[in-house]
Amino acid sequence: MTRRTVSIFVRSLAGLVAGLAVLAGFGLWLLSRGPVSLDAIAPLVADMLSRGNGLAVTIDHTLLTLAPGGRLEILARGVHFRREGGGATLNLADLGLEFRFRTLLEGAIAPTRIIVTRPELRLERDANGSFHLGVGDLASGASEDWGAKLVGDLMRPPAGRGTLGFLTELEVRNASLVVDDRSLGVEWHAQDANASLIRAKDRTRGDFRLTVGQGPAPAALSGDFTFRPSYDWLVVRVGFNGLTPARWSAAAPSLADLAALDLPVSGDVVAELDPAKLTLRDAIWDLRFGRGELRNALFPGGALSIAGGTFKAGYDPVKGRINLGELSVDFGSGTASASGTVNGLGADLLAGKKPPSLDLSLALGAQGITLNDLSRLWPARVAADARDWVTQHVRDGTVDTLKAQLDMDMNLASAAASRAKVEKFDGTMKYSGVAVEYFRPLPPVTKIDGTAQFDRTAIEFKADSGTAGNIRVSSAAARLYQLDTHDQKAKVQVALQGPAPDALALLDHPPLGYAKDVGLDPKRAQGNVAARLDFAFPLLRDLKLKDVDYGAEARLTGLALNDAVFRRDLTDGDLNLKLTRAAAQADGTAKLAGVPVT
C-alpha cells in the first residue's frame with residue numbers, strides 16, 4: 001500500500017512538473033512572439049510600485065514580453081503616481097519593468113531593470129548655482145520634491161528590499177529636457193535625451209547623451225557620471241564635439257560674451273559636485289579649438305583668425321582660482337601660449353555671478369610668429385604708438401621664441417574707468433631674418449638676427465647681424481621707451497662696415513647728404529668704411545623730418561679718390577668723420593698725388 005501510494009504521488013508530481021513545463025514553454029513561446037496584453041496584472045504591478053513608498057499608483061494598461069537575456073518584462077502604459085495624502089500627480093507615458101526569474105523564484109517581486117520612455121524632465125539651476133531635477137508636468141515645488149526623492153533613491157545602493165531594492169539598471173529613452181538656468185536667465189531645450197544608470201554596492205554610475213538647440217547646427221553632448229556614497233563623491237564628465245559658442249550668444253544677455261568665440265570647440269569638462277547640494281567642488285577643462293575667429297574690438301577689423309588651439313585648466317573653489325595649465329593658439333604661422341593663475345572667481349563658479357575683479361598672473365610664450373602678422377596679432381589699442389612704428393617699419397623674418405610674465409588686475413565693474421591695470425609685463429624674445437626700415441627713406445637693413453628685452457615701459461632690440469646691400473651691419477639697437485605714457489619715444493643706433501662706395505652712398509642718401517658735404521663722391525671712392533648712425537625721434541603716427549634728431553660717425557681706411565683735387569688722386573686716406581644734422585666735420589691723414597696731407 002505504501003509503495004503504491006508513493007508511486008502514485010511520484011507519477012502525479014511528474015505529471016504536474018511536465019504540465020508546468022509545457023505551460024511555461026508555451027508561455028515563453030507566446031511571449032517571444034511579442035508583447036501580450038495582460039491588464040489583469042495592472043493592479044498587482046501598481047501595488048508593487050507603491051509598496052512602502054507612501055504612494056498611490058494606478059496603471060492604465062500592462063503588457064507582458066520577454067526581454068533579451070531571458071528576462072521577463074512588464075510594459076506599463078499610463079502610469080500615475082500620487083502621494084497617499086493627496087497633492088500633485090506624476091504621469092509617465094511608458095514604463096518598462098524587467099524581472100529576473102531567479103529573483104522571482106526567491107520570492108522577491110521587484111524589478112531589476114527599469115526603462116522610462118519619453119519622459120519630460122526639467123533641470124532647474126538656482127541663482128546660487130545649485131540644481132534641482134523635476135519630472136513631468138508637476139508644479140515647481142512638487143516637481144522638486146519628486147526629483148529630489150527619485151535622485152536620492154537611485155543613488156543609494158540596492159538594499160535587497162522594497163520596490164527599488166533589487167534594481168541594478170535604469171534607462172531613460174528619448175526624453176525631452178528643459179534646463180531653466182535662473183542664474184544666467186536662459187532656458188535650454190534638449191531633445192532625444194538618453195541616459196543609463198547602473199547601481200552597485202559601492203557606487204552608482206551611468207552615462208548620457210542629448211542634443212541641445214535647434215537649427216542647422218545643434219550641439220551634441222555626451223558624458224558619464226560616478227557616485228561613491230562612502231566617499232561623498234559625485235563626478236560628472238561632459239563631452240562635446242564641434243560646439244560653436246558664438247551661436248549661443250544671442251540666447252540671453254548674460255551669454256553675450258560668447259560671441260567672442262566664433263570657432264568650433266571640442267573636448268571634456270569634468271566636475272566634482274556636492275552630492276547633496278549639487279554645487280561645484282572642483283572642475284577640469286580639456287578643450288580643443290578648431291579653425292575660426294576670436295572676436296574683440298581690440299583686434300584689427302574686430303576679429304583674429306586662428307587655425308586652432310587648446311585649453312587645459314582646473315578650478316579651485318577654496319581659493320576661487322583657475323589654474324591655467326595651458327592655453328595655446330595656433331595662428332597658422334606660429335603659436336602663442338599662456339599658463340598661470342586667474343584669481344578672484346569666488347567659491348562657487350556655478351553660481352554664475354560676474355566677479356567684480358580678476359587678478360591674472362600668466363607666463364606667456366610664442367614660437368614661429370612671422371613679423372608680417374604682427375599687424376593682426378598686436379591689438380591696436382595696446383601701446384598704440386609703438387605698435388604703429390613696429391608694424392610699419394619692421395617686416396619679414398620670424399619671432400623664433402618669446403617668453404614673458406604678465407601680472408594684471410582687471411576691474412569688471414560696469415562703471416570702472418579703467419578695465420585693466422598692468423602691474424608687470426616683461427620678457428625676452430629671439431628673432432631672425434628681420435628687415436627694419438630704421439629711418440625712412442634710407443634703405444632697410446635686412447637679414448637681421450638678434451634678441452629683444454622688454455617691460456611695460458620699454459622695448460629694446462639688439463641685432464647681432466644684418467645687411468644693407470653690400471654693407472654688413474655688425475650691430476644695431478633700437479629702444480622704444482616711455483611706453484606707459486603719451487610721450488613715447490625711440491632711439492636707433494646702427495653700426496656698419498663695408499666698401500667705401502656703398503657706405504658713402506648710404507651716408508649721402510637723402511636726407512643725410514653727408515658725403516657731398518665733405519667733398520667725397522661715393523662713385524669715385526675706394527677703401528673701407530666703419531660707421532655708426534644714430535637717430536632719436538618721438539613715436540608719432542605722422543612723423544616729420546624736423547622731429548628727428550640724427551647723426552653719424554665714420555672711419556675711412558685705405559681711402560682712395562680719383563681726381564680728388566685739381567685732377568690729382570687722393571690715396572692712403574685715414575679719415576674720421578663726425579656728422580650731425582647741423583654740420584659735417586672730417587679730419588685725418590692722406591696723400592695727395594703722393595704728398596702727405598692732413
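Gln453 and Thr428 are not linked by any side-chain donor-acceptor pair at a separation below 3.5 angstrom, with hydrogens and angles left out of the test. There is a side-chain donor-acceptor pair under 3.5 Å between Asn343 and Arg321. In summary, the side chains of Thr211 and Asp192 do not present any donor paired with an acceptor at a separation below 3.5 Å, with no hydrogens or angles considered. The closest side-chain donor-acceptor pair between Ser196 and Asp207 falls under 3.5 angstrom. For the 3.5 Å distance criterion, the side chains of Thr112 and Thr168 fail to qualify, holding no donor opposite an acceptor. Of the N and O atoms on the side chains of Ser361 and Gln405, at least one donor lies less than 3.5 Å from an acceptor on the other residue. In summary, the side chains of Ser266 and Asn241 do present a donor paired with an acceptor at a separation below 3.5 Å, with no hydrogens or angles considered.
Between atom OG1 of residue Thr401 and atom NZ of residue Lys403 there is a gap of 7.0 Å, rounded to the nearest 0.5 Å. Between atom CG of residue Leu234 and atom CD of residue Glu272 there is a gap of 8.0 Å, rounded to the nearest 0.5 Å. A distance of 11.0 Å separates CG of Leu360 from CD1 of Ile322, quoted to the nearest 0.5 Å. With rounding to the nearest 0.5 angstrom, the CG atom of Leu44 is 11.0 Å from the CG atom of Leu49. Considering CZ of Arg456 and CG of Asp407, their distance stands at 11.0 Å, rounded to 0.5 Å. Arg237 CZ to Thr226 OG1: the interatomic distance, rounded to the nearest 0.5 Å, is 10.0 Å.
Under the 4.5 Å side-chain criterion, counting only non-hydrogen atoms from C-beta, Thr204 is not in contact with Ile198. Residues Leu97 and Val45 are in side-chain contact: their nearest non-hydrogen atoms beyond the backbone lie under 4.5 Å apart. Leu95 is not listed as a side-chain neighbour of Ile115, based on a closest heavy-atom distance of 4.5 Å or more. Within the 4.5 Å cutoff, no side-chain heavy atoms of Ile369 are placed close to those of Leu402. Two residues are said to be in side-chain contact when any heavy atoms from C-beta on lie closer than 4.5 Å; Phe425 and Leu364 meet this criterion. Using a 4.5 Å heavy-atom threshold, the side chains of Glu120 and Val178 count as separate.
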Take Thr335 and Ser328 through the test side chain to side chain contact (heavy atoms under 4.5 Å, CB included) and record every step on the way to the result. CA-CA 7 Å; Thr335 61; Ser328 65; 5.9 Å; no

Let me see the working for Asp94 and Arg118 under salt bridge (charged side-chain N to carboxylate O under 4.0 Å, His left out), right down to the final yes or no. CA-CA 7 Å; Asp94 293 284; Arg118 297 187 302 277; 2.5 Å; yes

Could you go step by step and tell me if Tyr315 and Ile284 meet the side chain to side chain contact (heavy atoms under 4.5 Å, CB included) rule? CA-CA 6 Å; Tyr315 170 59; Ile284 297 174; over 6 Å; no

Could you walk me through whether Phe208 and Leu197 satisfy the side chain to side chain contact (heavy atoms under 4.5 Å, CB included) test, starting with their C-alpha distance in whole Å, then the side-chain angles of each, then the deciding distance to 0.1 Å, before giving a yes or no? CA-CA 9 Å; Phe208 57 88; Leu197 178 146; over 6 Å; no

Can you check salt bridge (charged side-chain N to carboxylate O under 4.0 Å, His left out) on Arg281 and Asp232, steps first, answer last? CA-CA 12 Å; Arg281 288 178 176 172; Asp232 192 33; 2.9 Å; yes

So Arg113 and Glu171, salt bridge (charged side-chain N to carboxylate O under 4.0 Å, His left out) or not? Walk me through it. CA-CA 8 Å; Arg113 185 169 184 251; Glu171 185 175 352; 2.4 Å; yes

Side chain to side chain contact (heavy atoms under 4.5 Å, CB included) evaluation trace for Leu75 with Thr62: CA-CA 6 Å; Leu75 302 177; Thr62 53; over 6 Å; no

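Heavy-atom contacts from other residues, nucleotides or ligands closer than 6.0 Å to CZ of Arg376 number more than 12. For Arg228, the CZ atom is densely surrounded, since the number of other residues' heavy atoms within 6.0 Å is greater than 12.
For Phe166 and Phe99, the ring centers sit 6.0 Å or farther from each other.
Contact record, Phe454 with Ala404: CZ-CB, 3.8 Å, taken as the closest heavy-atom pair. Contact between Thr244 and Leu261 at its shortest, heavy atoms only, is CG2-O, 4.2 Å. Smallest separation of non-hydrogen atoms from Gly325 and Ser339: O-CB, 3.4 Å. The nearest pair of heavy atoms linking Lys424 to Asp426 is CE-OD2, 3.1 Å. Across all non-hydrogen atoms, the minimal contact from Phe240 to Val265 is CD1-O, 3.5 Å. Here the closest heavy-atom approach between residue Pro355 and residue Gly344 is recorded as CB-O, 3.2 Å.
By the salt bridge (Lys or Arg N to Asp or Glu O under 4.0 Å) test, Asp400 is found to be paired with no residue, residues two or more places apart in sequence or in another chain being considered.
The closest donor-acceptor contact from the side chain of Asn194 to the backbone of Asn174 lies under 3.5 Å. A donor-acceptor contact shorter than 3.5 Å is absent between the side chain of Arg199 and the backbone of Leu170.
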